[in-house]
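Comments concern the structure below.
All of these numbers come straight from a predicted model, not from anything done at the bench. Chain letters run A, B, ... following the sequence lines, proteins first, then strands; residues in each count from 1.
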Amino acid sequence: MDYNKLAELLFPQIDKTPEDYEAIYPPRANAESGAVITRLGPSPTGFIHLGNLYGAFVDERLAHQSKAADGTPGTFYLRIEDTDDKRYVEGAVDTIINSLKFFGISFDEGAGCGAPGCATDGAPGEDGTPTDAGDYGPYYQSQRGPIYQAFVKSLVSQGKAYPCFLTEEELNDIRAQQEAAKETTGIYGKYAEKSRNLSYEEIEENIKAGKPYVIRLKSKGNAIDPANCCMENGATCKGSSGNVTYQNRDGVMYIIVNDAIRGEVAMPCNDQDVVILKATGIPTYHFAHVIDDHLMRTTHVVRGEEWLMSLPIHVELFEALRFKMPTYCHTAVLMKLDDESGNKRKLSKRKDPELSLDYYRNEGYHPQAVKEYLLTILNSNFEEWRMANPDADIDEFRFTTEKMSSAGALFDLNKLNDVSKDVLLKIPAEELADFMVDWAKEFKPKAAEAMSDKEYLTKILDIGRHDAKPRKDLIYAKQIFDFISYFYDEYFVIEERIPEQVSDEDAKEILKRYLETYDHSDDQSQWFEKIRTITADLGYAVKPKDYKKHPDEYKGSVAHVSTVIRIAVMGRSQSPDVWTIQQILGEEKVRARISELIG
RNA sequence: GGUCCUAUGGUCAAGCGGUUAAGACACCGCCCUUUCACGGCGGUAACCCGGGUUCGAUUCCCGGUAGGAUCACCA
């Protein structure tokens with residue numbers, strides 16, 4: 001078989017060679033001297049979830065905390081993996097960029113990153129989508145067809161790949177047969193022979209007949225010769241961290257890959273003649289990954305654990321193409337405890353609203369809090385670091401893949417809330433006020449109206465935050481609004497009953513006397529002194545301990561008296577310091593609310 | 001089913017041949033306190049099972065078990 005002739009038959013329109021593309025996309029200067037190049041490769045389904053954020057965060061940190069010899073940081077770029085045309089959703093790229101930007105993650109390069117001057121290609125459509133930026137584009141896989149095909153052509157001309165005309169029915173039959181015989185499914189070994197052994201004439205005939213076909217990799221399978229591949233000509237599989245070795249285990253050839261998160265991972269070599277180019281001329285993920293990450297000069301591939309099992313395919317592809325392998329970082333899957341089974345399971349799009357990034361925006365979690373929480377499950381030593389450096393910027397933390405857990409972490413809302421309390425405490429009240437209003441405008445418009453007085457809102461949010469032991473009761477916007485809603489008349493309601501120690505008559509009397517003696521200009525101790533007086537006059541204990549010790553001698557204590565006032569002014573029995581609240585509320589409102597209750 | 005990954009309290013996790021097996025969250029109790037929150041102190045609670053290796057295994061090896069991942073012209 002003349003493979004060159006076959007390649008020409010299959011790809012007559014392709015005139016560029018791999019060498020041409022190597023020249024168009026030269027190695028990156030920063031990566032050459034140690035900087036890390038990472039990428040996010042989402043498919044444009046429009047759904048971006050916590051797992052994406054988790055991965056993106058790893059990518060971003062890895063790239064941006066690395067530096068080349070001259071101090072230039074690494075590069076983090078966005079590549080859209082839209083080889084599956086069925087899944088494209090309009091506006092998805094904007095959604096991805098904006099969602100991540102909300103969490104403080106931005107790209108240096110790639111799809112939709114439109115920095116002026118350096119764009120080498122445009123985003124699809126003339127609909128005003130931002131243009132792409134960078135010298136390694138196109139950044140949409142759907143636009144890279146000729147590039148992939150040039151490499152496939154080269155593979156075919158070397159006899160490393162071949163066309164396959166198997167129909168869907170034939171494929172199904174083979175699978176059924178394999179399943180019945182309890183064999184591994186797929187096209188490999190003897191199942192591949194039929195297509196592998198097609199003569200040039202047969203192929204030509206099929207093509208003339210218009211039969212659809214795919215291009216498959218001619219896998220070396222177990223027959224791969226370790227002495228004669230990776231180790232040879234230093235620039236192939238033997239990657240930057242020297243991370244693939246072969247090992248014969250009882251006649252089965254294994255690859256051992258050094259994963260930056262998991263350490264050494266051993267798997268049998270690939271023996272499947274996987275599809276690399278679909279009938280449409282578009283590559284499969286496997287092929288696109290290998291070509292793109294090589295040509296775009298990615299140094300670290302961060303992706304979910306679900307890709308681990310296809311690593312042997314990628315290794316063989318890198319080998320066949322003589323590319324240097326990147327360092328792989330296979331992250332653990334985010335898990336959740338299933339309510340029904342009690343088992344850990346992958347967070348699911350359908351069942352778990354907290355998987356969606358929108359959930360956090362809806363509830364009004366601050367992006368910093370989510371980020372901080374993510375880091376606590378991402379790197380086991382982060383919490384320790386945070387305790388030692390409570391005020392340091394999160395980016396000062398030295399993130400390492402070694403400290404990442406390889407087991408799936410359970411998502412813990414409690415922990416998020418706890419982290420959030422501390423994060424919000426460090427954000428100035430004024431900024432928090434803006435955050436609240438922005439959130440409300442989007443999710444609770446009426447509340448946004450209520451909170452329109454920013455000065456007032458700022459004072460409210462700042463209550464008790466500057467003491468030696470500051471309050472930490474602000475967690476997320478929805479919760480915060482519930483927490484402070486009584487400051488706004490339109491949301492003020494009496495939610496609780498007066499304590500049972502206080503009779504209705506006493507309650508009225510307490511409020512009456514409170515109102516009579518109320519002086520808005522009293523300082524806190526003058527104000528409380530008056531409450532003590534009322535307390536004693538009506539037969540309640542001024543010291544709660546006295547009541548506790550001698551419950552028979554008093555009706556109740558100053559705590560109960562205070563609660564009555566609390567309910568009158570706040571509508572609830574639990575709140576921060578009453579005096580402070582009244583100062584913010586203003587005399588008019590205080591008097592009005594109490595009068596209202598006395599009737 | 002094949003292959004791979006993982007296995008320390010309810011959760012996240014230190015540990016990397018000898019420890020009273022850290023810490024954080026949650027939970028419970030006490031203290032502080034006019035309520036709540038914060039804070040302080042204390043408490044309940046863990047090395048999946050069975051074999052080896054070793055003077056000694058949570059730690060190393062093998063086997064089970066359990067959970068997860070994956071077996072497409074989807075990524």
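By the 5.5 Å and 30° criteria, A/Tyr285 is not stacked with the base of B/C74.
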> With Watson-Crick and G-U wobble geometry limited to distances under 3.5 Å, how should the secondary structure of RNA chain B be encoded in dot-bracket form, using | for bases paired to another strand and [ ] for crossing pairs?
Replying inline: ((((((((.[[[..)..(....]]].(((((.......)))))....[[[[[..)....]]]]])))))))....
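By the side chain to side chain contact (heavy atoms under 4.5 Å, CB included) test, A/Phe165 pairs with A/Pro163, A/Leu198, A/Ile203, A/Asn206, A/Ile207, A/Lys211, A/Tyr213, sequence neighbours left out. Residues that satisfy the side-chain hydrogen bond (donor to acceptor under 3.5 Å, both in side chains) test with A/Tyr285, not counting sequence neighbours, are A/Arg303. A/Ala192 is linked by a side chain to side chain contact (heavy atoms under 4.5 Å, CB included) to A/Tyr162, A/Ile187, A/Arg196, A/Asp273, counting only residues two or more places apart in sequence or in another chain. With sequence neighbours left out, the side chain to side chain contact (heavy atoms under 4.5 Å, CB included) criterion links A/Thr284 to A/Val275, A/Lys278, A/His286, A/Phe287. Take A/Lys549 and apply the salt bridge (charged side-chain N to carboxylate O under 4.0 Å, His left out) test, not counting sequence neighbours, and it matches no residue. Legend: residues meeting side-chain hydrogen bond (donor to acceptor under 3.5 Å, both in side chains) with A/Gln177, ordered by chain and number and at least two apart, are absent.
Using modelled atom types and a 3.5 Å distance limit, the side chains of A/Tyr373 and A/Gln368 yield no donor-acceptor pair. Looking only at atom types and distance, the side chain of A/Asn417 has no donor-acceptor partner in the side chain of A/Tyr476 under 3.5 Å away. A donor atom on one side chain and an acceptor atom on the other are found under 3.5 Å apart for A/Ser219 and A/Glu316. Side-chain contact check for A/Thr298 and A/Tyr77: at least one donor-acceptor pair (N or O, by modelled atom type) lies under 3.5 Å.
Between A/Arg465 and A/Leu432, some side-chain heavy-atom pair lies under the 4.5 Å cut-off.
Across the protein-nucleic acid pair, A/Arg216 atom CZ and B/A72 atom P stand 11 Å apart, rounded to whole Å. One atom, CD of A/Glu179, and another, P of B/G1, lie 14 Å apart when rounded to the nearest Å. For the pair A/Glu383 CD and B/A22 C1', the computed distance is 13 Å after rounding to whole Å. Going from atom CZ of A/Arg175 over to atom C1' of B/G1 covers 16 Å, rounded to whole Å. Whole-Å rounding puts the A/Leu277 CG to B/A72 C1' distance at 16 Å. As rounded to whole Å, 14 Å separates atom P of B/C25 from atom CG of A/Leu416. Rounded to an integer number of Å, the gap from A/Asn414 CG to B/A24 C1' is 12 Å. What separates CZ of A/Phe165 from P of B/C73 is a distance of 16 Å, to the nearest Å.
The existence of a salt bridge linking A/Asp292 and A/Arg79 is confirmed by a sub-4.0 Å separation between a basic side-chain nitrogen and an acidic carboxylate oxygen.
Listed by residue number, A/Arg262, A/Ala266, A/Met267, A/Pro268, A/Val275 are the residues of residues 261-275 of chain A with a heavy-atom contact under 4.0 Å to RNA chain B.
If you check every strand for non-hydrogen atoms under 4.0 Å, A/Ile475 touches nothing. Residue A/Tyr254 is in sugar-phosphate contact alone, with no base atom involved, counting any heavy-atom pair closer than 4.0 Å across all strands shown. Residue-level contact check: A/Lys543 touches neither bases nor backbone, having no heavy atom under 4.0 Å from any strand.
Taking the C1' atoms as reference points, B/U19 lies 12 Å from B/U59, given to the whole Å. The C1' atoms of B/C27 and B/A57 are separated by 33 Å, rounded to the nearest whole Å. For the P atoms, the distance linking B/A22 with B/A45 amounts to 13 Å, nearest Å. With P as the reference atom, B/C4 and B/G9 are 26 Å apart, rounded to whole Å. Look at the P atom in both B/A7 and B/A13: the space between them is 10 Å, to the nearest Å. Comparing B/U44 with B/G23, their P atoms sit 13 Å apart, to the nearest whole Å. Only the C1' atoms considered, B/C61 is 7 Å distant from B/U53, to the nearest whole Å. Comparing B/C47 with B/G15, their C1' atoms sit 10 Å apart, to the nearest whole Å.
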>> One character per nucleotide, please: for nucleotides 35-40 of chain B, 5' to 3', B when the base has a protein heavy atom closer than 4.0 Å, S when only the sugar-phosphate does, - otherwise.
In response: BBBBS-
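Between A/Thr185 and B/A72 there is a side-chain polar atom (N or O) within less than 4.0 angstrom of OP1 or OP2. Under 4.0 angstrom from either OP1 or OP2 of B/C73 there lies no side-chain N or O belonging to A/Tyr213. In this model, the phosphate group of B/A14 is approached by a side-chain N or O of A/Ser380 to a distance below 4.0 Å at OP1 or OP2.
Here NZ of A/Lys426 is found 12.0 Å from NE2 of A/His366. Values are rounded to the nearest 0.5 Å.
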Atom pairs and distances, donor-acceptor, side-chain atoms in residues 397-404 of chain A, under 3.5 Å, two or more places apart:
| from | atom 1 | to | atom 2 | distance (Å) |
| --- | --- | --- | --- | --- |
| A/Arg398 | NH1 | A/Gln65 | O | 3.3 |
| A/Thr401 | OG1 | A/Ala260 | O | 3.3 |

N/O donor to acceptor pairs below 3.5 angstrom from side-chain atoms of residues 494-502 of chain A, sequence neighbours left out:
| from | atom 1 | to | atom 2 | distance (Å) |
| --- | --- | --- | --- | --- |
| A/Glu496 | OE1 | A/Ser573 | OG | 2.6 |
| A/Glu496 | OE2 | A/Ser573 | N | 3.1 |
| A/Gln501 | NE2 | A/His560 | NE2 | 3.4 |

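Looking at which nucleotide of RNA chain B each of A/Trp527 and A/Lys182 is closest to, the 5′-most match is held by A/Lys182. Residues A/Ala279 and A/Lys415 each lie close to RNA chain B; by heavy-atom proximity, the contact nearer the 5' end of the strand is made by A/Lys415.
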Between the protein and nucleotides 27-31 of chain B, which nitrogen or oxygen pairs are less than 3.5 angstrom apart?
none

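Checking B/G68, B/G15, B/U3 against the side-chain heavy atoms of A/Met309 singles out B/U3 as nearest.
Screening A/Asp82, A/Thr83, A/Ile282 against A/Ser142 for a side-chain contact (heavy atoms from CB on, under 4.5 Å) leaves a single residue, A/Asp82.
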